[in-house]
Amino acid sequence: MSETIVPVYNSGKIEKKWQQKWADDKIFEANIDPNKPKHYALTMLPYPSGNLHIGHWYAITPSDAHARYMRMRGYNVMFPMGFDAFGLPAENAAIKHNIHPSKWTFDNIDHMRDQLKSMGAMFDWRREIISAKPEYYRWTEWFFLQLYKNNLAYRKFSPVDWCPTCNTTLAREQVWGDDRHCERCGTPVIKKDLNQWYFRTTKYAEELLDFSEMDWPERVQTLQTNWIGKSEGASVTFLSEDGDPLEVFTTRPDTLWGATFMVIAPEHPLVSKLTTPDHIAEVAAYVEQAKRQSDIQREAADREKTGVFSGSYAINPVNQAKIPIWIADYVLMGYGTGAIMAVPAHDERDFAFARKFNLKVIVVVQPENMELLDGDTMTQSVPAHGTLVNSDLMTGTPGDKAFDRVVSWLEEKGIGHRTVNYRLRDWLISRQRYWGAPIPMIYCPNCGVVPVPEKDLPVLLPEDVEWKPTGESPLKLHPTWKKVTCPCCGADAERETDTMDTFMCSSWYHLGYLSPYFNTWPFDQKEYDYWMPVDIYTGGIEHATMHLIYTRFFHKAGRDMGIMKGKEPMLMLRNQGSVLGEDNEKMSKSRGNVVDPDKLVAQYGADTVRAYLMFFARWELGAPWNSSGIEGSSRWIRRVWSLFLEPADRQNCANEDTLRIMRRKLHQTLKAVTRDLENFQFNTVISGLMELLNELMKAKQNGAFGSKEWNEAANIYLRMMAPVTPHISEEIWSLLGYPYSIHNQLWPEVDEEAAKEEEITLVIQINGKVRDRITVPADISDEDAKTIALATEQIHSAVQNKEIKKIIVVPKKLINIVL
RNA sequence: GCCGAAGUGGCGGAACUGGCAGACGCGCACGACUCAAAAUCGUGUACCAUUGGUAUGUGGGUUCAAUUCCCACCUUCGGCACCA
C-alpha cells in the first residue's frame with residue numbers, strides 16, 4: 001500500500017496562521033447591516049492586572065462560542081473586548097515599584113491583548129475601549145455632569161466607610177461580610193466623616209425591582225431584590241411634649257396602640273434638644289460611647305441592648321398616650337428616620353429593651369390560636385399577626401385586615417400615611433485616589449460648587465505625580481493641578497481632587513464599544529439604535545449587587561435624561577462559576593495552585609484549552625482544575641484530526657445499515673448540540689461531539705470513509721465544532737477542500753427524517769423493576785407492544801400463575817406489568 | 001435568625017416533560033503494537049453477593065414508576081442581618 005502523507009496536527013502553527021488570516025480579512029468586524037438581525041454579545045471586560053488567568057478563559061471562551069454560534073445562525077454579531085483600566089493596583093504598583101500607573105496599565109494591556117488574541121475569539125478589536133484613555137474618560141466625566149444637572153448627583157457630608165489599606169472611601173456595596181471588610185483588599189473598614197459625591201440610586205429603587213423584561217438568573221434577581229430591601233409600612237408623626245415632630249417608619253401600623261416608648265438613634269438631630277437638663281451627663285456619655293463603637297460591634301444582633309432615657313416624652317397620636325423617649329444604638333440613623341415607636345409586646349428587639357429597662361408592655365394583637373397574652377407576664381414578644389385588642393376603635397379588627405384598616409384611618413385623620421422604605425443607599429462615588437476619572441467639579445469661594453463646562457472636558461489627570469508613603473492622593477498634593485479659575489466669575493478656585501469609583505467607568509462601557517472613535521457624543525446614535533440593547537451579557541455573579549445594579553441604574557437615569565432608550569441595558573444575563581485550583585482552593589500565587597493558560601496553549605493549543613474549559617464542568621457552577629483531564633480534550637481534538645484526514649483501509653464500501661446509523665447519530669447529535677448551545681450547556685455540547693466521534697470511528701472502520709454520507713458527516717461535524725474550536729475546524733475544513741471560511745458558513749440544518757429511530761428498545765418492567773428488554777419497530781402500537789412483552793420468556797415465566805393487576809404502557813419507552 | 005443555590009461511582013459530570021441511573025471524559029486494570037517505554041488502538045470498570053439484591057445527602061410521603069414532585073431534617077457554599 002502506498003503511503004499517503006497526512007499532515008501532522010500542529011496547534012501552534014495552525015492557530016497563528018488562521019488568527020492572522022481572520023484579522024487580515026476582517027471577518028469578525030461587526031458593521032451595521034440593516035438586512036440582518038443584530039446580536040450584541042457582551043462579556044465582562046477584564047481589569048488589566050498583567051496576566052490573563054484561566055478564569056478569564058473560562059468566562060470568555062463559552063461566551064465566544066455562543067456568539068460564534070449566533071453568527072452561524074445568521075445574526076450580525078458584535079462581540080467586543082476592552083479593559084477596565086482605572087483602579088488601585090496600578091497605583092499600588094506605582095508606590096511599590098516606582099512606575100507610573102499609566103505605563104503599568106498600558107504595558108499590561110499590550111500584553112493581555114496578545115494573550116486574548118491567542119484564544120482565537122471573534123473580538124472586533126476596532127471597537128476596543130480602555131477606560132483610562134482620555135477619549136473614554138472624557139465621557140465618564142460628561143455622564144457625571146449630566147447626572148449632576150439632573151439632580152441625580154449630589155454632595156453630602158456624613159459618616160462614610162473608609163478602607164485604611166486602600167486609603168479611600170467605599171460605596172455600601174463594596175463593604176462585605178460580617179466584619180464589614182473592603183471588597184477589594186479584605187481590610188475591615190472604619191467610619192470617617194467626609195464630604196462625598198453620591199448618585200441617587202435610591203430614586204430608582206422601585207424600578208430596579210422590576211425584572212419583567214429581562215431574562216436574568218433567578219439568583220441574581222434575588223440578590224438584587226434583597227439588596228434593595230423593600231419594606232412596606234406607614235409613616236407616623238409623633239410629637240414631643242414641646243411640639244417637636246418625630247417621624248417614625250413602621251411596618252406594623254396595626255400595633256400603634258401598643259407603643260409604650262420611642263427610641264431615637266444616638267446620631268439623631270433632636271437628641272440634644274430632647275435631652276432634659278437632669279439627663280445631659282448620661283446622654284452625652286452614651287452618645288460619645290456610641291460614636292466610638294464600630295459598626296460591627298453596634299450591629300451585632302445578639303448583643304445586649306443598651307440605651308439611656310432622654311427625660312422627654314412624646315404623645316402617641318392615635319391615643320394621646322404619653323410615652324418616654326429613649327436613646328439607643330439599636331436604632332440606626334441610616335435607615336428610615338432614625339427614630340422608632342417601640343412596641344415591645346410585638347417586636348423582639350423592643351421587648352428585650354423594655355424588659356431590661358422595666359418599660360411597659362401592652363398587648364394589642366391577639367393571634368387566634370394562642371392563649372391570651374399578658375404584657376406583664378409574657379416572656380417573649382409575639383410578632384405574629386392577629387385580632388387587634390386594646391386598640392380603641394380598632395379593637396376587634398381581624399389580623400388580615402388590620403394593616404389596611406389602620407393605615408386608611410391614619411390617612412383620614414392626617415396622622416400618618418402609607419410609605420415604602422428601601423434598604424438601598426445612594427451610591428457613594430468619590431474615591432480619594434489618583435488613577436480614576438476626575439470628578440469634573442470646581443469649588444469657588446464666590447460661586448460655591450461649579451461644574452466644569454462641557455467644552456473643557458476632559459479634566460485630564462496630571463502626568464507628573466508623586467506618591468507619599470502615607471498613601472494620600474497625589475492629586476491633593478500636586479502643586480498646580482487643582483488650581484483653576486472659576487468658570488463663572490473668574491476667581492481663583494479649586495478643583496475637586498477626588499476621582500470616580502471605577503464602577504462608574506464600567507456602568508456605560510457597553511456604549512463605549514458602539515463607537516470608540518466618536519467625539520461629539522458618548523456614542524454614535526446610529527450605532528446605538530442598531531446594536532442596543534445588549535442581547536446576552538456574561539460574567540461573574542460577584543457583581544450582582546455592584547456593577548449589575550450600577551449599570552441598570554445608569555441606564556435608567558440615562559433614559560430619563562433622554563440619552564439612552566428602553567427599560568434595560570442588558571436583556572439576558574448568564575453567570576459562569578469559577579475555576580478552583582487542583583487542591584479545590586481558590587487559585588492564588590501564595591497557594592501555588594495557579595493554572596497558567598499561556599503554558600497550556602503552548603502545550604496543547606488554544607482549541608484544546610477552549611474545549612476542555614467548556615467540557616470539564618457545568619459552566620454556571622465551575623469546578624476544581626484537573627490537569628490530567630485536559631488530556632481527554634486533547635485526545636478528542638487529535639482524534640478528530642485523524643478521523644477526517646487519515647485515509648481508511650477500506651473506503652466507500654460500507655453497507656446501508658452502517659451509513660443509515662451513522663447519519664442517524666449525526667442528526668441526533670446536531671439536534672442535541674443545537675439545543676445545548678442555545679441553553680449555555682457547553683459541557684454536553686462537547687460530550688455530544690465526542691459521542692458522535694466514537695460513532696464515526698466505527699463507521700470508518702466499516703468502510704464509510706469516502707462515501708457521500710461520510711462527507712456530509714464531516715461537513716456537519718466541522719461546522720458544529722467551529723464555535724468551540726475555531727482553528728482546527730477551519731484547518732480541516734480547508735484541507736478537505738471546502739471554501740474559506742468555515743466561520744462564514746451557516747449552522748447546519750437537522751434532517752428530522754434521518755434522526756428518527758426506526759427501532760427502539762422497549763424496557764419491560766414487573767412492579768417497576770426491569771425484567772427484560774425487547775427491540776421493536778418505533779411505530780409499534782401499544783397493543784402489539786403489550787402482546788410481545790408478555791410473550792417473552794423472562795416475562796412469561798415471571799408472570800406465570802399470577803394475576804396481572806394492571807399494565808402500563810409508556811409509548812416508545814417501557815411497559816410496566818403490575819402484579 | 002432570614003433568603004438563595006448545591007449534595008449522583010475513585011474524580012469532573014450526564015439523565016430533554018415522572019419512565020432503563022451513571023452518557024461523555026479523567027483515573028484505574030488488562031490486552032494489542034514495541035527489544036522496551038511513551039504515544040496510539042482495543043476491552044473492562046457503581047456497590048454487594050451464587051440466581052439476585054442495593055444504590056442519586058438522611059428519613060418519610062405521593063405514584064404502577066421518583067435523581068426528577070411534596071414534607072421534615074443534615075451538610076456545604078453564597079447573600080443579608082438590631083433595617084423598625
Any strand is fair game: report the nucleotide pairing with [N] by Watson-Crick or G-U wobble, both distances under 3.5 Å, or none.
| N | value |
| --- | --- |
| B:C82 | none |
| B:U68 | none |
| B:C30 | B:G42 |
| B:C24 | B:G12 |
| B:G7 | B:C74 |

Which nucleotide in the set [options] lies at the smallest distance from any side-chain heavy atom of [X]?
| X | options | value |
| --- | --- | --- |
| A:K813 | B:C64, B:C16, B:G25 | B:C16 |
| A:R618 | B:G13, B:C24, B:A84 | B:G13 |
| A:T684 | B:C80, B:A84, B:A14 | B:A14 |

Indicate, with a heavy-atom threshold strictly under 4.0 Å, whether [X] touches base, sugar-phosphate, or nothing.
| X | answer |
| --- | --- |
| A:L814 | base |
| A:G229 | nothing |
| A:V818 | sugar-phosphate |
| A:S633 | nothing |
| A:K805 | nothing |
| A:R639 | sugar-phosphate |

Salt bridge A:R172-A:D161, side-chain N to carboxylate O under 4.0 Å: no
A:R574/A:E620 ion pair, N-O < 4.0 Å: no
Nearest-Å distance, [atom1] ([X]) to [atom2] ([N])?
| X | N | atom1 | atom2 | result |
| --- | --- | --- | --- | --- |
| A:F615 | B:A23 | CZ | C1' | 10 Å |
| A:F353 | B:C82 | CZ | P | 17 Å |
| A:E218 | B:A6 | CD | P | 11 Å |

A:Q765 or A:F616, whichever maps to the more 5' nucleotide of RNA chain B: A:F616
Comparing A:N767 and A:N626 on RNA chain B - which has the more 5′ nearest nucleotide: A:N626
OP1 or OP2 of B:G25 under 4.0 Å from side-chain N/O of A:N694: yes
A:R771 side chain near B:G52 phosphate (N/O to OP1/OP2, under 4.0 Å): no
